[in-house]
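Everything below concerns the one structure shown next.
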Amino acid sequence: MTTAVNRIDRLFEDRSRKRFIPFITVGDPTIEATFQIVVAMVEAGADVIELGVPYSDPLADGPTIQRASQRALENGVSITDALHLVARLRETGMEASLVLFSYFNPVLQYGIDRFFADLAAYGADGVVIPDLPIEENGPAVEAAKKNGIHVISLVAPTSESRIKKIGEQATGFLYCVSSLGVTGARTDLRDDLADFLQKVKASTTAPTAVGFGISTPEQVRAVAVHTDGVIVGSAIVQEIERHVEQLKDPRESPQAVEKIKTFVHQLASALQ
């Protein structure tokens, strides 16, 4: 199996090709549906998959992802289920990068050292922990390095004086938050987004990827000019929500997965 560091780093070696990074919530509406959707998204052109660990108090997430987390939590889905899903995806021979997106409390409850050891053992490549600031992430970064895992840092327009520090520490790729507030599909992007991304790129040697509020092929195309990767979450989770009942039914699930795959392909194709 390719090591975690090599998989993400190798992915971004060629900066001339933009990378597409979709986010979905693990277990929404079922673990089996998540498995099928991830496979379909990779076939549709996804390069990195962000797998959201459902959490009861997702501070950075808007209503769409909150509802997805609630559906998954009602099924009893946990961080352990997310890790087992990663292992199952690797068993299929999947070589796309797999990154968990988890708030810090589930990681802390799981055990920091155990969590990063298991990320490596199950075949994950990195983790995004949105509520863990760089000033407090020392133990996590140390455990990550020991196991060859990337802790993906976030940088926002409000980071201001911290941009340089965040950029210097970044590994894997640097997650650039395109808008203020929580996640969610938006009709417009910030007017000063290009200036913000220019500052970020000047602060780091790591690749950059932009997320929060990107929901259409046109927005994907517009943002890609300024970054190495584009992250889309709420728009895809919204598409899953439209087909929740079908996805729960084994007879109807394949058609629903195909519709989601088509939607993701339209977004990923905007980068070509």
Original post:
Given V38 and I24, is the side-chain contact (heavy atoms from CB on, under 4.5 Å) satisfied, shown in steps?
Top reply: CA-CA 8 Å; V38 171; I24 62 171; 3.7 Å; yes
Original post:
Should R10 and E95 be marked as a side-chain contact (heavy atoms from CB on, under 4.5 Å) after you check the CA-CA gap, both sets of side-chain angles, and the distance that decides it?
Top reply: CA-CA 11 Å; R10 190 171 60 188; E95 276 297 313; 4.0 Å; yes
**OP:** Given side-chain contact (heavy atoms from CB on, under 4.5 Å), test E252 with H243 step by step and report yes or no.
**Re:** CA-CA 10 Å; E252 296 185 27; H243 302 289; over 6 Å; no
Subject >> Q169/N137 under side chain to side chain donor-acceptor pair (under 3.5 Å): CA gap, chis, key distance, verdict >> reply: CA-CA 11 Å; Q169 191 192 87; N137 71 1; 2.9 Å; yes
**OP:** For I31 and V26, run side-chain contact (heavy atoms from CB on, under 4.5 Å): C-alpha distance rounded to whole Å, both residues' side-chain angles, the deciding distance at 0.1 Å, then the answer.
**Re:** CA-CA 6 Å; I31 290 287; V26 175; 3.6 Å; yes
Subject >> Audit row: T227, T208, side chain to side chain donor-acceptor pair (under 3.5 Å) steps and yes/no >> reply: CA-CA 6 Å; T227 188; T208 59; 3.0 Å; yes
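Linking ILVMFWY residues whenever their side-chain heavy atoms come closer than 4.5 Å, directly or via other members, places F116 and F104 in the same cluster. Under a hydrophobic clustering in which Ile, Leu, Val, Met, Phe, Trp and Tyr are joined whenever their side-chain heavy atoms come within less than 4.5 Å, directly or via other members, L108 and I134 fall into the same cluster. Connection of V77 to L73 is not established within any shared hydrophobic cluster, with ILVMFWY side chains joined at heavy-atom distances below 4.5 Å, either directly or through further cluster members. One hydrophobic cluster holds both I112 and L100 under the rule that ILVMFWY side chains link at heavy-atom gaps under 4.5 Å.
Within the 4.5 Å cutoff, the side chain of Y175 has heavy atoms near those of the F212 side chain. Side-chain atoms of F101 and T25, non-hydrogen and from C-beta on, never get closer than 4.5 Å to each other. For the pair L51/V86, a side-chain contact is recorded, criterion being any heavy-atom separation below 4.5 Å from C-beta on. Contact check for M94 versus V39: side-chain heavy atoms found under the 4.5 Å cut-off. The shortest distance between side-chain heavy atoms of R19 and D14 falls below 4.5 Å. Side-chain contact check for V177 versus V155: every heavy-atom pair is 4.5 Å or farther apart. Between K164 and K199 there is no side-chain heavy-atom pair separated by less than 4.5 Å. Counting heavy atoms from C-beta on, the side chains of I79 and S102 come closer than 4.5 Å.
In this structure, E168 CD and S153 OG are separated by 11.5 Å, a value rounded to the nearest 0.5 Å. The line from CG of N105 to CG of L132 is 12.0 Å long, rounded to the nearest 0.5 Å. E239 CD to L267 CG: the interatomic distance, rounded to the nearest 0.5 Å, is 9.0 Å. Residue D125 holds its CG atom at 11.0 Å from CD1 of I49, rounded to the nearest 0.5 Å. Between atom OG of residue S178 and atom CD1 of residue I214 there is a gap of 4.5 Å, rounded to the nearest 0.5 Å. Atoms CD and CG, from E136 and D131 in turn, are 9.5 Å apart once rounded to the nearest 0.5 Å.
Between the S159 side chain and the A156 main chain, a donor and an acceptor come within less than 3.5 Å of each other. Checking side-chain atoms of K18 against main-chain N and O of L271 turns up no donor-acceptor pair under 3.5 Å. For H226 (side chain) and A194 (main-chain N/O), no donor-acceptor pair under 3.5 Å exists by modelled atom type. Remark: side-chain polar atoms of T204 are not paired, donor with acceptor, to backbone N or O of K201 under 3.5 angstrom. N75 contributes a side-chain N or O that, together with a main-chain N or O of P29, makes up a donor-acceptor pair within less than 3.5 Å. S215 places no side-chain N or O within 3.5 Å of a backbone atom of A235 that could act as its donor or acceptor partner. S253 contributes no side-chain N or O that, together with a main-chain N or O of D249, makes up a donor-acceptor pair within less than 3.5 Å.
Shown here for D28 and A72, the closest heavy-atom pair between the two residues is N-CB, 4.3 Å. Minimum heavy-atom separation, G52 to F23: CA-CE1, 3.5 Å. The minimum heavy-atom distance linking S203 with V200 is given by the pair OG-O, 2.6 Å. Scanning all heavy atoms of the two residues, the minimum distance from F12 to G172 falls at CD1-O, 4.2 Å. Shortest non-hydrogen contact noted between I8 and S97 is CG1-OG, 3.6 Å. When every heavy atom of V151 is checked against every heavy atom of A144, the shortest pair comes out as CG2-CB, 3.5 Å.
Within a 6.0 Å sphere centred on CD of Q198, other residues, nucleotides and ligands contribute 12 heavy atoms or fewer. The number of heavy atoms from other shown groups lying within 6.0 Å of CZ (R15) is above 12.
Within the structure, every pair that satisfies the side chain to side chain donor-acceptor pair (under 3.5 Å) test and touches residues 36-53, not counting sequence neighbours, is listed here: R17-D47, E32-Q36, E43-K261.
Remark: R90 fails to qualify as a cation-pi partner of Y122 under the 6.0 Å distance and 45° angle criteria applied to the six-membered ring.
With sequence neighbours excluded, the residues satisfying side chain to side chain donor-acceptor pair (under 3.5 Å) with T171 are H150.
Using modelled atom types, one finds a donor on one side chain and an acceptor on the other under 3.5 Å when comparing D118 with Y110.
In this structure, E245 pairs ionically with K248, as a charged nitrogen and a carboxylate oxygen lie closer than 4.0 Å.
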